[in-house]
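Note sheet for the following structure.
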Amino acid sequence: MPGRLPLFDLPVVEAARALIGARLLLDGVGGIIVETEAYDRDDPASHSVRGPTPRNAAMFGPAGRAYVYRSYGMHWCLNVVCGPVDHGAAVLIRALAPTDGLDVMRARRGGVADRLLCSGPGRLCQALAIDRSHDGLPLDAPPFALVPAAGPAAIVTGPRIGITKGVETPWRFGLRGSPYLSRRFAEAAG
DNA sequence: CTTTCGATGATCT
DNA sequence: GATCATCGAAAGG
């Protein structure tokens with residue numbers, strides 16, 4: 001399987017950490033992943049908790065593919081399916097530090113400040129023009145590209161955002177100090 | 001600065 | 001019919 005990345009096969013929480021610092025591009029447009037969240041198979045917050053459905057089918061397929069779904073009727077969200085085949089776990093990509101195709105992203109995002117181009121799961125999908133047509137596609141092959149981080153990243157951890165179940169599980173991960181996070185992490189004082 | 005709230009439609013019960 | 005893995009504008013301190 002050419003181009004397949006080892007991190008795809010990690011347990012989903014480890015994969016969510018490993019994806020921090022990786023570069024994600026679609027048609028050459030994108031940036032460095034700075035924020036992720038893990039969603040596991042029997043996780044009350046996960047779309048996969050009640051088993052396969054038409055919407056979440058990609059979560060139960062091979063790792064390394066995209067799971068794209070519509071959120072609140074108007075946004076798209078991108079996940080990386082991770083773990084064993086058919087396991088039903090995925091990493092939500094929540095924010096990028098934009099590095100490639102800035103002008104394209106600015107146009108798609110209606111001229112917002114650069115720090116808001118990809119600082120949120122809905123925002124980054126708008127900036128990269130991700131939609132349902134990308135559901136199930138491999139993320140390490142065209143039109144996508146996914147380049148792992150060169151070395152270990154400084155990672156901050158906290159509870160996931162916007163959910164009503166599993167609210168205390170600390171499966172949100174961010175690149176420490178990045179100005180492109182969708183929200184700040186509550187870092188320890190001192 | 002913070003909190004609140006409407007938009008908007010697929011998905012699942 | 002209820003529930004959203006969100007965003008941005010508006011209102012309040």
Side-chain angles (χ1 to χ4, degrees), chain A residues 11-20 24 30-31 33-61 63 65-83 87-98 105-137 139 155-175 178-187 189:
Chain A
V12 68
V13 175
E14 292 178 40
R17 298 179 64 98
L19 281 164
I20 300 293
L24 173 69
I33 297 172
V34 297
E35 184 180 340
T36 62
E37 286 177 357
Y39 288 88
D40 208 350
R41 170 65 175 83
D42 295 313
D43 167 4
S46 175
H47 290 172
S48 59
V49 68
R50 293 182 194 274
T53 69
R55 175 177 67 161
N56 68 19
M59 290 185 81
F60 290 91
R65 312 281 260 268
Y67 166 45
V68 179
Y69 70 92
R70 213 206 252 290
S71 175
Y72 289 91
M74 63 189 88
H75 300 106
W76 298 98
C77 291
L78 171 69
N79 293 255
V80 181
V81 177
C82 290
H87 179 66
V91 176
L92 174 68
I93 307 301
R94 286 197 57 92
L96 308 179
M105 292 193 280
R106 289 181 184 121
R108 288 172 177 162
R109 291 278 295 125
V112 300
D114 280 1
R115 65 167 291 137
L116 298 176
L117 279 179
C118 301
S119 297
R123 290 165 175 166
L124 77 87
C125 282
Q126 186 178 19
L128 273 61
I130 292 169
D131 62 30
R132 185 96 215 182
S133 71
H134 302 99
D135 188 41
L137 294 186
L139 286 161
I155 292 177
V156 285
T157 302
R160 294 171 292 182
I161 291 178
I163 56 175
T164 60
K165 296 164 191 154
V167 290
E168 304 199 356
T169 305
W171 283 357
R172 175 177 177 236
F173 305 100
L175 181 63
S178 172
Y180 298 100
L181 300 173
S182 68
R183 282 171 57 172
R184 306 197 100 152
F185 284 75
E187 302 191 47

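Proteins get letters first, then strands, A, B, ... in listed order; numbering begins at 1 in each.
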**Study point:** Check: A:N79/A:H47 side-chain N/O donor and acceptor closer than 3.5 Å
**Key:** no
Review point. Which ones in residues 48-59 of chain A lie close to DNA chain B, meaning a heavy atom under 4.0 Å from one of its atoms?
Key: A:R50, A:T53, A:P54, A:R55
Point to revise | Side-chain donor/acceptor of A:D131 to backbone N/O of A:W76, under 3.5 Å | key: no
Review point. A:R132 near the nucleic acid: base, sugar-phosphate alone, or nothing, with a heavy-atom cut-off under 4.0 Å?
Key: sugar-phosphate
Exercise for review: Take atom CZ of A:R108 as the centre, draw a 6.0 Å sphere, and report whether it contains more than 12 heavy atoms from other residues, nucleotides or ligands.
Suggested key: yes
Check your understanding: Closer than 4.0 Å, any side-chain N/O of A:T164 to the OP1 or OP2 of C:dC4?
Key -> yes
Exercise for review: Give a yes or no on whether the backbone of A:P179 and the side-chain of A:R115 come within a donor-acceptor separation of less than 3.5 Å.
Suggested key: yes
Exercise for review: Ignoring hydrogens and angles, tell me if any N or O in the side chain of A:S182 forms a donor-acceptor pair with the backbone of A:G120 under 3.5 Å.
Suggested key: no
Check your understanding: Of the non-hydrogen atoms in A:L117 and A:A127, which two are nearest, and what is the gap between them?
Key -> O-CB, 3.6 Å
**Study point:** Over all atoms of both residues, closest heavy-atom pair of A:A66 and A:A58
**Key:** O-CB, 3.5 Å
Practice item. Please state how far atom NZ in A:K165 lies from atom C1' in C:dA5, giving the value in whole angstrom units. Key: 12 Å
Check your understanding: Step by step, would you call A:Q126 with A:R109 a side-chain hydrogen bond (donor to acceptor under 3.5 Å, both in side chains)?
Key -> CA-CA 7 Å; A:Q126 186 178 19; A:R109 291 278 295 125; 2.7 Å; yes
Point to revise | Heavy-atom donor-acceptor pair, A:E168 side chain to A:P159 backbone, under 3.5 Å | key: no
Exercise for review: Would you kindly give the CH2-to-C1' distance between A:W76 and C:dC4, to the nearest whole Å?
Suggested key: 15 Å
Check your understanding: Centre of A:Y39's six-membered ring, under 6.0 Å away, within 45 degrees of the axis: is that where NZ or CZ of A:R160 sits?
Key -> yes
**Study point:** Runs of at least three Watson-Crick or G-U pairs with DNA chain B, cut-off 3.5 Å
**Key:** B:1-7 with C:6-12, B:9-12 with C:1-4
Point to revise | Separation of C:dC4 C1' from A:R160 CZ (nearest whole Å) | key: 15 Å
Study note, to complete from the structure: Under a 4.0 Å heavy-atom criterion, the protein footprint on nucleotides 6-13 of chain C, written with B, S and -, is BSS-----
Check your understanding: side chain to side chain contact (heavy atoms under 4.5 Å, CB included) with A:V34: which of A:C118, A:S119, A:S178?
Key -> A:S178
